[in-house]
Amino acid sequence: DTFLVYPNYYGASDAAVRLVIDIYGAERVILDYAQSLAKPPQTVLGGNSLRKFFPVPDGAEFFSSLSLSRPKIKGVGAKGLAHIVEEERDSAYLRYLESEAQMADKTLRGISTEALIGLACMDRDNTRVVRKRNFDLFHAALGDTNLLECDFASEGPICYPYLPRRRVSRAKLIERQIYVPRYWPDSSQNQLNQIEKSLSDHGIFLPIDRRMDSTAITRVLNNLLVC
């Protein structure tokens with residue numbers, strides 16, 4: 001059988017996901033919701049990456065009509081907690097990069113005990129509401145200058161994806177302790193179309209963390225003006 005794997009990019013592509021399901025049928029679609037906190041629509045297989053949204057060292061969820069066996073090997077567990085408990089921002093960022101390097105091993109693993117305990121303490125519904133509020137605050141301020149077309153009504157975004165009309169320095173934002181990732185940094189430039197290349201080179205993916213309030217959003221917006 002042939003299936004279509006479709007990512008919900010930035011968790012801000014809900015409308016595109018619905019269109020793909022309408023065209024190909026749920027029985028032919030596998031949904032990658034690694035960048036979305038929303039539950040995937042019912043298809044052959046869909047999954048979230050919980051560690052991208054909560055302070056846990058590892059963990060993902062799969063939703064499927066198939067019978068799947070559970071991996072016997074556990075996730076990184078306590079070894080991946082350093083960046084979560086570190087209070088100093090720059091040090092925490094370096095620990096985060098080290099944690100990400102541990103994920104280079106592609107062995108399928110189950111959720112660690114430490115992650116299960118942490119997830120049991122999380123309020124997912126409130127986290128989704130707060131993140132969407134922060135997303136909407138950014139969109140209210142930046143929507144008119146955002147060249148990227150997304151479904152800005154999406155329910156579970158991982159960030160506010162911003163493609164500005166003028167170039168913004170990602171390095172200067174990081175110097176000011178506003179940590180923004182670069183997506184697809186290892187992709188060969190000749191593998192990308194013009195939109196993908198613009199996003200990789202100039203896209204600014206703004207944090208909408210549940211710990212952020214309107215004051216934090218304003219700080220990020222003010223720094224965007226001078227970076």
Side-chain angles (χ1 to χ4, degrees), residues 1-54 58-71 100 103 106 108-109 111 124-125 127-136 138-140 142-144 146-164 180-208:
D1 289 341
T2 301
F3 300 94
L4 174 69
V5 179
Y6 191 82
N8 186 338
Y9 288 110
Y10 324 118
S13 302
D14 289 8
V17 167
R18 292 191 294 270
L19 180 61
V20 165
I21 293 174
D22 288 343
I23 293 174
Y24 295 96
E27 71 281 0
R28 295 290 183 186
V29 175
I30 295 174
L31 293 176
D32 176 358
Y33 264 49
Q35 296 181 347
S36 175
L37 192 55
K39 183 178 179 179
Q42 182 62 52
T43 57
V44 171
L45 180 66
N48 296 105
S49 179
L50 299 176
R51 72 182 186 87
K52 290 181 170 65
F53 295 90
F54 297 106
D58 56 76
E61 287 181 327
F62 287 101
F63 305 90
S64 179
S65 58
L66 305 176
S67 177
L68 303 176
S69 58
R70 294 179 179 272
E100 288 297 292
M103 296 295 174
K106 302 302 182 182
L108 185 62
R109 299 172 183 268
I111 299 179
R124 296 196 194 188
D125 290 338
T127 297
R128 191 181 298 110
V129 168
V130 172
R131 294 180 69 92
K132 186 61 168 67
R133 178 203 67 196
N134 291 340
F135 182 98
D136 290 343
F138 275 128
H139 190 54
L142 301 173
D144 289 343
N146 194 349
L147 298 177
L148 183 63
E149 293 184 6
C150 284
D151 179 5
F152 292 105
S154 296
E155 291 301 316
I158 193 171
C159 65
Y160 181 77
Y162 181 48
L163 185 59
V180 290
R182 179 184 179 188
Y183 286 116
W184 313 299
D186 299 325
S187 297
S188 170
Q189 291 297 303
N190 59 16
Q191 294 177 335
L192 304 178
N193 62 36
Q194 190 59 44
I195 294 176
E196 292 167 339
K197 187 176 185 303
S198 293
L199 282 170
S200 180
D201 291 344
H202 307 303
I204 304 296
F205 303 100
L206 298 171
I208 53 173

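All residue numbers in this chain count up from 1 along the given sequence.
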Quiz item: With distance as the sole test, does Asp125 use its side chain to make a donor-acceptor pair with the main-chain N or O of Val129 at under 3.5 Å?
Solution: no
Quiz item: If you look at every heavy atom in Leu31 and Pro41, which pair is closest and at what distance?
Solution: CD1-CD, 3.5 Å
Quiz item: Looking only at heavy atoms, which two atoms of Cys159 and Tyr183 are closest? And how far apart?
Solution: SG-OH, 4.3 Å
Quiz item: Asn134 side chain to Pro207 main-chain N or O, any donor-acceptor pair under 3.5 Å?
Solution: no
Exercise. Please indicate whether Phe62 has more than 12 foreign heavy atoms, meaning atoms of other residues, nucleotides or ligands, lying under 6.0 Å from its CZ.
Key: no
Quiz item: Would a 4.5 Å heavy-atom cut-off, applied to side chains only, mark Phe152 and Phe135 as touching?
Solution: yes
Quiz item: Would you say Phe63 and Lys39 make side-chain contact, with heavy atoms under 4.5 Å?
Solution: yes
Quiz item: Within the distance-only criterion (no hydrogens, no angle test), does the side chain of Thr43 pair as donor or acceptor with the backbone N or O of Ile30 below 3.5 angstrom?
Solution: no
Quiz item: Considering all heavy atoms of both residues, which atom of Gln35 and which atom of Asn8 are nearest to each other, and what is their separation?
Solution: CB-O, 3.9 Å
Quiz item: Looking only at heavy atoms, which two atoms of Phe54 and Leu37 are closest? And how far apart?
Solution: CE1-CD1, 3.7 Å
Practice problem: Could you check if a side-chain atom of Arg131 sits within less than 4.5 angstrom of a side-chain atom of Pro157, using non-hydrogen atoms only? | Solution: no
Quiz prompt | Ser154 (side chain) donor-acceptor with Asp151 (main chain) under 3.5 angstrom | solution = yes
Quiz item: Are Arg124 and Glu155 within salt-bridge range, i.e. N to O under 4.0 Å?
Solution: no
Exercise. Evaluate the ring planes of His139 and Tyr160, with Trp represented by its six-membered ring, and classify them as parallel (under 30°), tilted (30 to 60°) or perpendicular (over 60°).
Key: tilted
Self-check item: Donor-acceptor contact present, side-chain Asn48 to main-chain Ala38, <3.5 Å
Solution: yes
Exercise. With side chain to side chain contact (heavy atoms under 4.5 Å, CB included) as the test, would you mind laying out the steps for His202 and Leu163 before giving the verdict?
Key: CA-CA 7 Å; His202 307 303; Leu163 185 59; 4.2 Å; yes
Quiz item: Heavy-atom distance under 4.5 Å between the side chains of Phe205 and Arg182, does that happen here?
Solution: no
Quiz item: Less than 4.5 Å apart, any side-chain heavy atom of Pro164 and any of Leu147?
Solution: no
Exercise. For Phe3 and Val29, run side chain to side chain contact (heavy atoms under 4.5 Å, CB included): C-alpha distance rounded to whole Å, both residues' side-chain angles, the deciding distance at 0.1 Å, then the answer.
Key: CA-CA 6 Å; Phe3 300 94; Val29 175; over 6 Å; no
Exercise. Might you point out which heavy atoms bring Pro161 and Asn146 nearest each other, and give the distance in Å?
Key: O-ND2, 2.9 Å
Quiz item: Should Leu45 and Val5 count as side-chain neighbours, where that means a heavy-atom distance under 4.5 Å?
Solution: no
Table please: side-chain donor-acceptor pairs of residues 17-25 below 3.5 Å, with sequence neighbours left out.
none

Quiz prompt | Nearest heavy atoms of Gly11 and Ser36, plus distance in Å | solution = CA-CB, 3.7 Å
Exercise. Only counting residues at least two apart or in another chain, list the ones meeting side chain to side chain donor-acceptor pair (under 3.5 Å) with Lys52.
Key: Ser49
Quiz item: Below 4.5 Å, heavy atoms only, C-beta onward: do Tyr162 and Val180 meet side chain to side chain?
Solution: no
Exercise. Give, for atom CG of Leu148 and atom OH of Tyr9, the distance between the pair rounded to the nearest 0.5 Å.
Key: 12.0 Å
Practice problem: Decide side chain to side chain contact (heavy atoms under 4.5 Å, CB included) for Phe53 and Ile158; before the verdict, give the C-alpha distance in whole Å, the side-chain angles of both, and the deciding distance to 0.1 Å. | Solution: CA-CA 7 Å; Phe53 295 90; Ile158 193 171; 3.8 Å; yes
